[in-house]
There are 2 protein chains.
Amino acid sequence: MSEFNPHEATFDRLLQVAAEVFAEVGFRDATVREICTRANVNVASVNYYFRSKDALYVQALSFAFQEVNRHYPKDHFLDQTIAPEQKLARFIDDLLMKLLDDSQLGCFNKLILREIYEPTKALDEILLTCIMPQLTQLEDILQQLLGEKTDKLTVQRSMWSILGQCLPFLHSRSIIDRLYPELIANPLAIQATAQHITQFSLQALKQFKTLPSGDTDA
Amino acid sequence: MSEFNPHEATFDRLLQVAAEVFAEVGFRDATVREICTRANVNVASVNYYFRSKDALYVQALSFAFQEVNRHYPKDHFLDQTIAPEQKLARFIDDLLMKLLDDSQLGCFNKLILREIYEPTKALDEILLTCIMPQLTQLEDILQQLLGEKTDKLTVQRSMWSILGQCLPFLHSRSIIDRLYPELIANPLAIQATAQHITQFSLQALKQFKTLPSGDTDA
DNA sequence: ACTCGCTTTAAACACTTGTTTGAAATGAGT
DNA sequence: ACTCATTTCAAACAAGTGTTTAAAGCGAGT
């Protein structure tokens, strides 16, 4: 994944490789020796620079968040000129791309996923810095789309309805790859799937609207 | 979870306890010694009865499936007198209850979830015996609901839209418990959430119908 | 009472793991 | 050229792992 660069300080190389390895096999299955070998670094370096494997994990996590947030800026949803329906479509598109990203960044996603799946003490920080911003962003879009008078609980449930439709492409990849590969075979298929989710959701959301504005239709 | 019963053969006790422990901490973090201690059994028993820890895991998995399938019979969806909308509502209700089941059976669910999340060689068998039946059941309901002329891909995508809405309550429990506990605070709340998913989906599905039958409305 | 197959047991084995250690290498400041 | 703090290294350590072993216990059939 990340080719060996001798000019990168061993500290940074360790962090980078650790994130990758932890993402691939999880905290427990990741061995210090494997990480050090891949980083072309002596075994003792982990304890020298990070005190322990646990501490390395925590640092690797927050490093991964920084990277993800750096590559996926989230400010382009504040634009009030774009219709909320459009924003929702964009949100779903972006999310699906992110979840199916198998590159460098994808491994950071996997890392976060692991943390959700079996939380360590680091989860609380992740929730605050990584998950919550995404959730409130979607919540805002939905509140705009449905109208201010739609109650919070309905908005939240709808938010999970939409998130839920996207998430299987991250956490049930093993099933989808085996039984429904056509859904994500190529970028076009992914976009079609995203479009389905958008259509599905927009139609569903109509029933919860409390706004009179009836000029936004397919 | 399962209190020690001296009259139960050690073989059965091992299987039972192994399923619990594997579900709790995963294959790698589960130690043979922990399993044996909980089962009031000598360490060597695992290798005596099951040849290896790996083999024990596989057997524990298929044992878990048998138990789950025994407790959740799936034949009451063949009844042709029930409207497909009703069937969908029932399906979602059942699934949500299952996914949120924290009892004895819940641990079997966790076991299966783990297998989906990080597949071992055992996944293929699980897909066949445990996952596929559920999926095709939902697929059938949807095909009935949408009409025979709706294409398979749309049906499959819709199936994942519905499944996806339910699955977060299993695999993102850590987030929901922390940020949205009201959604599943008690049986009533769970039912309300299930009802939301049903309404959301039925409204969404309308746009994909290819059947003329227009007498099924909210 | 004795045998013989099955089961249980404590101890040991072989291996991997995270971590520590103390010496060697490195390199900037003088 | 020397110093000294920082970094790297091979080797060893201590603890935990799955597995094996060989002896002891047990229980029905004769």
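Quick note: numbers below take in every heavy atom, side chains included, and nothing from hydrogens, waters or symmetry partners. As the structure is a computational prediction, the values presented were derived from the model and not from experiment. Numbered from 1 within each chain, the chains take letters A, B, ... in sequence-line order.
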Inset, instruction - Before giving the answer on side-chain contact (heavy atoms from CB on, under 4.5 Å), spell out for A:Tyr117 and A:His171 the whole-Å C-alpha distance, their side-chain angles and the decisive distance to 0.1 Å. - result: CA-CA 9 Å; A:Tyr117 179 64; A:His171 63 247; over 6 Å; no
Inset, instruction - List the steps and the verdict of side-chain contact (heavy atoms from CB on, under 4.5 Å) for B:Gln134 and B:Phe91. - result: CA-CA 10 Å; B:Gln134 295 244 41; B:Phe91 183 93; 4.2 Å; yes
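Within the 4.0 angstrom heavy-atom criterion, no nucleotide atom of any strand lies near B:Phe50. If you check every strand for non-hydrogen atoms under 4.0 Å, B:Phe11 touches nothing.
Listed by first and then second residue, the side-chain hydrogen bond (donor to acceptor under 3.5 Å, both in side chains) pairs that reach into residues 48-60 of chain A are A:Thr10-A:Tyr49, A:Tyr57-A:Glu115, sequence neighbours excluded. Evaluation of the salt bridge (charged side-chain N to carboxylate O under 4.0 Å, His left out) test over residues 163-180 of chain A, restricted to residues two or more places apart or in two chains, returns A:Asp102-A:Arg173, A:Arg173-A:Asp177, A:Arg178-B:Asp124.
Taking the six-membered ring where the residue is Trp, the centroids of A:Phe11 and A:Phe50 are separated by under 6.0 Å.
When base pairs are accepted only as Watson-Crick or G-U wobble with both N-N or N-O distances under 3.5 Å, DNA chain D takes part in stems of 3 or more pairs at C:1-30 with D:1-30.
Not one N or O on the side chain of A:Ser45 forms a donor-acceptor pair closer than 3.5 Å with the backbone of A:Val41.
Taking 4.5 Å as the limit, every side-chain heavy atom of B:Ile175 sits out of range of all side-chain heavy atoms of A:Leu123. Using a 4.5 Å heavy-atom threshold, the side chains of B:Leu56 and B:Phe22 count as touching.
Using modelled atom types and a 3.5 Å distance limit, the side chains of B:Gln16 and B:Glu20 yield a donor-acceptor pair.
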Tabulate atom names and distances for all N/O pairs under 3.5 angstrom spanning the protein and nucleotides 16-24 of chain D.
unit_1, atom_1, unit_2, atom_2, d
D:dG18, OP1, B:Ala30, O, 3.3
D:dG18, OP1, B:Val32, N, 3.4
D:dG18, OP1, B:Lys53, NZ, 2.9
D:dG18, OP2, B:Val32, N, 3.0
D:dG18, N7, B:Arg33, NH1, 2.8
D:dG18, O6, B:Arg33, NH2, 3.2
D:dT19, OP2, B:Asn47, OD1, 3.3
D:dT19, OP2, B:Lys53, N, 2.7
D:dT19, O5', B:Asn47, OD1, 3.4

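If you walk DNA chain C from 5' to 3' and mark each nucleotide with an atom closer than 4.0 Å to a heavy atom of chain B, the marks span C:dC6 to C:dA12.
In this structure, A:Glu182 has no salt bridge (Lys or Arg N to Asp or Glu O under 4.0 Å) partners at least two apart in sequence or on a different chain.
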